[in-house]
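Working notes, beginning with the structure itself.
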Protein chains: 2
Amino acid sequence: MDTGPKIAQVAALIGDPARANMLSALMDGRTLTASELAYVSGVAPQTASGHLAKLSDAGLLALAKQGRRRYFRLASPHVARVLEGLMVVAQEGPARQRNLWRGGETLRHARTCYDHMAGRIAVVIADRLVQQSFILLDEDGGQLTDAGRSFFDELGVDLRLASKRRVFCRPCLDWSERRPHLAGAVGAAILDHALEHDWVEHVRDSRALVVTPVGVRELATTFGIEGAPPMDGHDGRVGSLSGGRVSAIAVESASPGRR
Amino acid sequence: MDTGPKIAQVAALIGDPARANMLSALMDGRTLTASELAYVSGVAPQTASGHLAKLSDAGLLALAKQGRRRYFRLASPHVARVLEGLMVVAQEGPARQRNLWRGGETLRHARTCYDHMAGRIAVVIADRLVQQSFILLDEDGGQLTDAGRSFFDELGVDLRLASKRRVFCRPCLDWSERRPHLAGAVGAAILDHALEHDWVEHVRDSRALVVTPVGVRELATTFGIEGAPPMDGHDGRVGSLSGGRVSAIAVESASPGRR
DNA sequence: CAAATACTTCGGTCAAGACCGTAGTGTTTC
DNA sequence: GAAACACTACGGTCTTGACCGAAGTATTTG
């Protein structure tokens, strides 16, 4: 009846490191098998099995059996948004401990966030689109303008498909940059387009993305982003489009073993 | 470095029933003392003190000392949004266990959600505003139209104040109705207006709101909502504007004692 | 059918942490 | 200054649940 216990139940589920790792691994929208999730969460298959049962029962994960394996994915975008929110809160949390992030530089630069792009690149893209009045965006609401519609049309990004039964355009607060990037159907369409045209590639076993040489060129001409676009510089760093390419393959997988 | 552990830490914090109760109690934006929070969470003051220290350290709560008491409030709207999100997920979670809600009828009808209205009434209001093209709204983005701007002007709702340094208009998925209501500056302004003109009143020790007779009349004329507005009826219920007024004072406070 | 694979169930160990009683510290009231 | 109040620190109890080894159930492969 009271809402406290209800949210506690769900939060406690997410609050276990092993389960949180599983959920994080699914944040990019992929579906993974029980074994794979056991591996990324760093626990034995038996333990993982228990965790996955709980997460499924609670409705956080959706399950598809196929032969002798079981595929799991996040049950709904709402789950992904809660996880996003937790990252944001976790970042802003420990008062002045912000921006101490060492490592994960690849992730900060470009990554997927459920079904769209995130990281410095995504924030810059969002900035440009707003700057050119293709999109109206504040921290919480988004709207595509007529000019924006034709811009995407010319670019060959098909928005009609994506916008059928889905949210059209929304901002998503970037937990590493602390500024919004594009989510929703528009955000997803941009990621699709970028992957399809080899602007970016997935890094194996990670949510990280790397920008290809083609991507550097195309992003520059398409969005007018130069090699080293101006960043908000809250920590003095400047990112280049290809940043993190060389420095880190940075496989995100956890090592198995006891917690 | 990996994001899993980080979100687990925050989620685990929310995942304790006592702490979840505290956070829930603060969802309406109030500031409460340590004692009050101990009471609503149903634990002894010593225990509450420990919980509050953890929540503050983690940056979920902001603390203001005043004399011999300590006032706590949610540290940021982001925290409120995570809590909202958890409620939504908790609702949609247990597969077919939805809409079993007994009790909390007052809450379902009208309540505050951080700083704006939620519940059936808020959803209906949002519906009407959309219907009359005062607001463009989908599940994730919102925009006030020119017509809407003058509508609120005439109504005497001051949007200029609120929109200074704040998100202007955004939808917030209603966890009891599972459809969006208005949040952001516009949502907050509407709640302010409703409270100021005695359309609704706070229920003591609860997030619930009751609609006054004045409110029933004014809401009807202002938004064209009749006594029993059509609901989406996913559970066959129909709510009236004054629904829940008589049936329940339904004080939300928890009884103290062991968990 | 046997072997291998993918996953689950069961049982027992163990550590984390929620809880409160007692005993403090700081602040206001009388 | 004493008493009441609001809150915090410490110490010990006890429950919860995460973990893995061993064994068991489906499903595919040879």
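First the proteins, then the strands, lettered A, B, ... as listed; each starts at 1.
For Arg19(A), the listed nucleotide lying nearest its side chain is dA18(D); candidates were dA18(D), dT8(C), dT8(D). Of the candidate nucleotides dT8(C), dG17(D), dC19(D), dC19(D) has the atom lying nearest to any side-chain atom of Ala18(A).
Taking atom CD of Glu36(B) as the reference point, atom P of dC5(D) lies 16 Å away to the nearest angstrom. Met22(A) has its CE atom 12 Å from the C1' atom of dC19(D), to the nearest Å. Rounded to a whole Å, the CG atom of Asp16(B) is 11 Å from the P atom of dC20(C). Gln9(A) places its CD atom 14 Å from the P atom of dT16(D), with the value rounded to the nearest Å. We find that CG of Leu13(B) is positioned 12 Å from C1' of dG17(C), with the value rounded to whole Å. Going from atom CG of Leu52(A) over to atom P of dC19(D) covers 12 Å, rounded to whole Å. Taking atom OH of residue Tyr39(B) and atom P of nucleotide dA6(D), one finds them 15 Å apart after rounding to whole Å. Atom CZ in Arg69(B) sits about 17 Å away from atom P in dA4(D), given to the nearest Å.
At the phosphate of dT8(C), OP1 or OP2 sits under 4.0 Å from a side-chain N or O atom of Arg70(A). In this model, the phosphate group of dA18(D) is approached by a side-chain N or O of Lys54(A) to a distance below 4.0 Å at OP1 or OP2. OP1 or OP2 of dG17(D) has not a single side-chain nitrogen or oxygen of His51(A) nearer than 4.0 Å. Taking only side-chain nitrogens and oxygens, Thr47(A) never comes nearer than 4.0 Å to OP1 or OP2 of dA18(D).
Partners of Glu36(B) under the side-chain contact (heavy atoms from CB on, under 4.5 Å) rule, at least two apart in sequence or in another chain, are Leu32(B), Thr33(B). Take Ala38(B) and apply the side-chain contact (heavy atoms from CB on, under 4.5 Å) test, not counting sequence neighbours, and it matches Ala48(B). Residues passing the side-chain hydrogen bond (donor to acceptor under 3.5 Å, both in side chains) test with Thr47(A), sequence neighbours excluded: none. Residues forming a side-chain contact (heavy atoms from CB on, under 4.5 Å) with Ala12(A) (at least two apart in sequence, or on another chain): none.
The residue among Pro45(A) and Pro45(B) whose nearest nucleotide of DNA chain D is located toward the 5' end is Pro45(B). The 5' end of DNA chain D is approached more closely, in terms of each residue's nearest nucleotide, by Ala53(B) than by the other of Ala53(B) and Ala12(A).
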Contacts under 3.5 Å, N or O only, protein and nucleotides 21-30 of chain C:
{"unit_1": "dG21(C)", "atom_1": "N7", "unit_2": "Gln46(B)", "atom_2": "NE2", "d": "2.6"}
{"unit_1": "dT22(C)", "atom_1": "O4", "unit_2": "Gln46(B)", "atom_2": "NE2", "d": "3.4"}
{"unit_1": "dT27(C)", "atom_1": "O2", "unit_2": "Arg68(B)", "atom_2": "NH1", "d": "3.4"}

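Tested against Glu201(B) for a side chain to side chain contact (heavy atoms under 4.5 Å, CB included), the candidates Thr212(B), Val211(B), Leu195(B) yield a single pass: Thr212(B).
Between His116(B) and His181(B), the ring planes lie tilted relative to each other; the angle falls in the 30° to 60° range.
Pairs of residues two or more places apart, or lying in two chains, never qualify as side-chain hydrogen bond (donor to acceptor under 3.5 Å, both in side chains) while including a residue from residues 59-72 of chain B.
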